Amino acid sequence: MLAPPDCPRWGGRELLSSGLLMVAEVISPSSVEDDRVKKPPMYAAGGVPVMLLVDPIAVPPTVTVLSDAKEGEYQTVTRVAMGSTVHLPDPIGFDLDTAVFSEH
């Protein structure tokens, strides 16, 4: 996750999702359904503006950016082949070279 220093907290150690800037998940064989299906609507409903899904087990491996959350769903989905550059929209505003996720 990516959060500003002043992200609202719940208790002493946990951050409220509404204050996060981005969450990221790396999909593994044991987390496919949770990461691809269950978590995106949960994060969207929680007000997380950007979700990054790194999917090294997809064929071919992909990186997906979900953004523009409305009514519990991300409206914008951008998927690229791992190794490509993908734009992380505001509030991040960054072009990510997904080659950093490739196995060497």
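Values in this document were obtained by computation on a predicted structure and should not be read as measured data.
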State plainly whether one hydrophobic cluster holds both [X] and [Y], where clusters connect Ile, Leu, Val, Met, Phe, Trp and Tyr through side-chain heavy atoms under 4.5 angstrom apart.
X	Y	result
Val23	Ile27	yes
Val32	Leu66	yes
Val77	Val26	no
Leu2	Val65	yes

Please table the atom pairs, donor to acceptor, closer than 3.5 Å between any side-chain atom in residues 81-90 and protein atoms at least two apart or in another chain.
residue: Ser84; atom: OG; partner: Ala81; partner atom: O; Å: 3.0
residue: His87; atom: ND1; partner: Asp95; partner atom: OD1; Å: 2.7

**Prompt:** Should we say atom CD of Glu73 is surrounded by more than 12 heavy atoms from elsewhere, each under 6.0 Å from it?
**Reply:**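 Result for CD/Glu73: open.
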**Prompt:** Do Phe94 and Met22 have side chains that get closer than 4.5 Å, going by heavy atoms?
**Reply:**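 Of all side-chain heavy-atom pairs linking Met22 with Phe94, none is under 4.5 Å.
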Let me check something: any side-chain donor-acceptor pairs from residues 46-61 under 3.5 Å, sequence neighbours excluded? List them with distances.
residue: Asp55; atom: OD1; partner: Arg36; partner atom: NH2; Å: 3.1
residue: Asp55; atom: OD1; partner: Ile57; partner atom: N; Å: 3.3
residue: Asp55; atom: OD1; partner: Ala58; partner atom: N; Å: 3.1
residue: Asp55; atom: OD2; partner: Arg36; partner atom: NE; Å: 2.8
residue: Asp55; atom: OD2; partner: Arg36; partner atom: NH2; Å: 2.8

**Met1 side, atom CE; Glu25 side, atom CD - distance, nearest 0.5 Å** =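 Reported to 0.5 Å precision, the distance equals 11.0 Å.
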**Request:** Could you pull out the closest heavy-atom pair between Ser31 and Asp35, with the gap in Å?
**Result:**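 What the structure gives for the nearest pair is OG-OD2, 2.6 Å.
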**Item:** Shortest non-hydrogen contact from Leu20 toward Ala3
**Value:**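 Heavy atoms of Leu20 and Ala3 come nearest at CD2-CB, 3.7 Å.
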